[in-house]
Amino acid sequence: MANVNIIINGQKVEVPKDYNIIQAAEILGIDIPALCYDSNLEVAGACRLCLVEVERSEKLQTACSTKVKDGMVIYTESEKVVRIRKQILQLLLDSHPNDCLTCEKAGECLLQEYAYRYGVKFKEHNGVKRPKYIDNSSPYILKDDSKCILCGKCVRTCNDIDERRVLSFSNRGYDTRIISDTDQTLETSKCVSCNRCVAVCPVGALIDRRQINKDRVWNLNSRTINCKSCDYGCEFEVLSQNKKNIAVKAKHPTNGRPLCLRGRLITELMYLDNPDKPYRKVDGKFIESSWTKALGLGKIMEKIEKVEKDNA
Ligand code: SF4
Ligand code: SF4
Ligand code: SF4
Ligand code: FES
């Protein structure tokens with residue numbers, strides 16, 4: 001792949017010509033804020049937070065969807081860029097609940113990180129907030145629409161797997177929401193609790209319920225492991241505290257890696273000191289389950305018992 005030479009914030013860099021501006025900036029250690037971009041997902045250009053100034057270009061360009069061109073001169077933190085970024089962040093905060101003190105996502109929330117970086121604060125106002133609609137029907141996922149910033153990452157990742165395709169946008173304008181199937185709960189929809197959507201959500205709109213109240217993220221250590229359940233070897237994070245493994249979290253799926261509930265439960269069983277009880281969906285209802293049933297090992301266990309009995 002041929003390379004191109006560009007200049008970002010006064011620094012020269014040579015990058016492959018199929019790179020977008022976010023990827024090129026990363027090489028220089030420049031982090032362009034991005035709420036809807038994920039290198040593993042189709043580019044949506046929805047949040048506009050990654051706007052940058054490109055010399056000889058009249059309009060600001062979205063760094064996630066603009067490919068580099070030889071000779072490009074880019075400014076990622078110019079006065080104009082920062083002013084617009086602050087306006088976008090303020091609009092998001094104005095319709096967002098001021099819940100950072102108790103939100104499970106605090107410490108790893110991108111909205112919180114960027115608001116801090118650009119000095120944008122929650123403010124009192126009488127305007128509309130996003131409606132509080134909480135779906136707590138799943139023992140694996142908590143969905144809180146009031147915190148959703150409509151980046152669409154959950155929709156894109158869920159739709160990457162043909163047989164899932166659970167999430168979609170519903171309604172228009174201010175009433176836009178992310179829904180499961182035809183606006184069902186996660187429990188009654190065909191959601192398979194893979195937690196791909198939770199892994200990509202940049203804010204506290206989708207939370208892993210099995211992690212809730214375990215501890216604040218900054219008190220935990222994390223290490224990445226590969227699932228041993230099948231050849232895909234999806235990545236999970238094992239969270240620990242005082243040398244005790246307390247939670248397993250789905251990591252960003254990469255292309256061709258689906259993530260699944262079975263793999264996550266097997267990982268919990270293998271690594272956690274005290275795993276929570278598993279649940280499985282039966283006829284559109286979650287029921288507490290034995291590990292044998294949750295992992296679909298019933299028949300194998302029967303066979304093992306029979307073989308052992310026959311050979312005793
Ligand atoms: S989602 Fe982020 S910004 Fe919103 S309350 Fe939680 S931590 Fe704060
Ligand atoms: S858990 Fe998996 S199947 Fe369910 S909505 Fe999220 S991505 Fe889709
Ligand atoms: S639920 Fe999360 S990932 Fe999905 S659109 Fe809302 S903010 Fe984005
Ligand atoms: S990250 Fe580029 S538009 Fe959202």
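Order of appearance sets the numbers: ligands from 1, and atoms from 1 within every ligand. Everything numeric here is computed off the predicted structure, so don't read it as measured data.
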Q: Give the contacting part of Cys100 toward ligand 1: side chain, backbone, both or neither, where contact means a heavy-atom distance below 4.0 Å.
A: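 The answer is both, backbone and side chain.
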
Q.
Under 6.0 Å from the ring centre and within 45 degrees of the ring axis: does the NZ or CZ of Arg177 meet both conditions for the six-membered ring of Tyr133?
A.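 Yes, Arg177 and Tyr133 form such a contact.
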
Between [X] and [Y], is any side-chain donor less than 3.5 angstrom from a side-chain acceptor?
| X | Y | value |
| --- | --- | --- |
| Glu55 | Ser57 | no |
| Ser146 | Lys129 | no |
| Arg196 | Thr157 | yes |

Q | Closest contact, heavy atoms only, Val81 versus Tyr75 | A |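 Distance-wise, the nearest heavy atoms are CG2-O, 4.0 Å.
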
Q) Are more than 12 heavy atoms from other residues, nucleotides or ligands located less than 6.0 Å from atom OH of Tyr232? A)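 No, OH of Tyr232 has 12 or fewer neighbouring heavy atoms, counting only those of other groups under 6.0 Å.
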
Under 4.0 Å to a heavy atom of [X] - the qualifying atoms of ligand 1, by number:
| X | result |
| --- | --- |
| Cys109 | 1 (S), 2 (Fe), 3 (S), 7 (S) |
| His96 | 1 (S), 3 (S), 4 (Fe), 5 (S) |
| Cys103 | 1 (S), 5 (S), 6 (Fe), 7 (S) |

Q.
Walk me through whether Thr185 and Ser180 qualify under side chain to side chain contact (heavy atoms under 4.5 Å, CB included).
A. CA-CA 6 Å; Thr185 61; Ser180 317; over 6 Å; no

Q. Taking only residues two or more places apart in sequence or in another chain, which ones pass salt bridge (charged side-chain N to carboxylate O under 4.0 Å, His left out) with Lys105?
A.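 With sequence neighbours excluded, Lys105 shows a salt bridge (charged side-chain N to carboxylate O under 4.0 Å, His left out) to no residue whatsoever.
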
Could you tabulate the donor-acceptor pairs under 3.5 Å formed by side-chain atoms of residues 233-245, not counting sequence neighbours?
residue	atom	partner	partner atom	Å
Glu237	OE1	Ser222	OG	2.5
Gln241	NE2	Asp215	OD2	2.1
Asn245	ND2	Tyr271	O	2.9

(Q) Tell me which residues fall inside the under-4.0 Å heavy-atom shell around ligand 4. (A)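 Ligand 4 is contacted, at a heavy-atom distance under 4.0 Å, by Ala34, Leu35, Cys36, Tyr37, Gly45, Ala46, Cys47, Arg48, Cys50, Cys64.
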
(Q) With clusters defined by side-chain heavy atoms of hydrophobic residues (ILVMFWY) lying less than 4.5 Å apart, directly or transitively, does Val217 cluster with Tyr116? (A)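 Shared cluster, no.
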
Q) Should Thr102 and Asp99 be marked as a side-chain hydrogen bond (donor to acceptor under 3.5 Å, both in side chains) after you check the CA-CA gap, both sets of side-chain angles, and the distance that decides it? A) CA-CA 6 Å; Thr102 52; Asp99 183 33; 2.5 Å; yes

Q: Write out the protein residues near ligand 3, meaning a non-hydrogen atom under 4.0 Å from one of its atoms, in order of chain and number.
A: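 Shell around ligand 3 (4.0 Å, heavy atoms): Cys148, Ile149, Leu150, Cys151, Gly152, Cys154, Ile178, Cys201, Pro202, Val203, Ala205, Leu206.
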
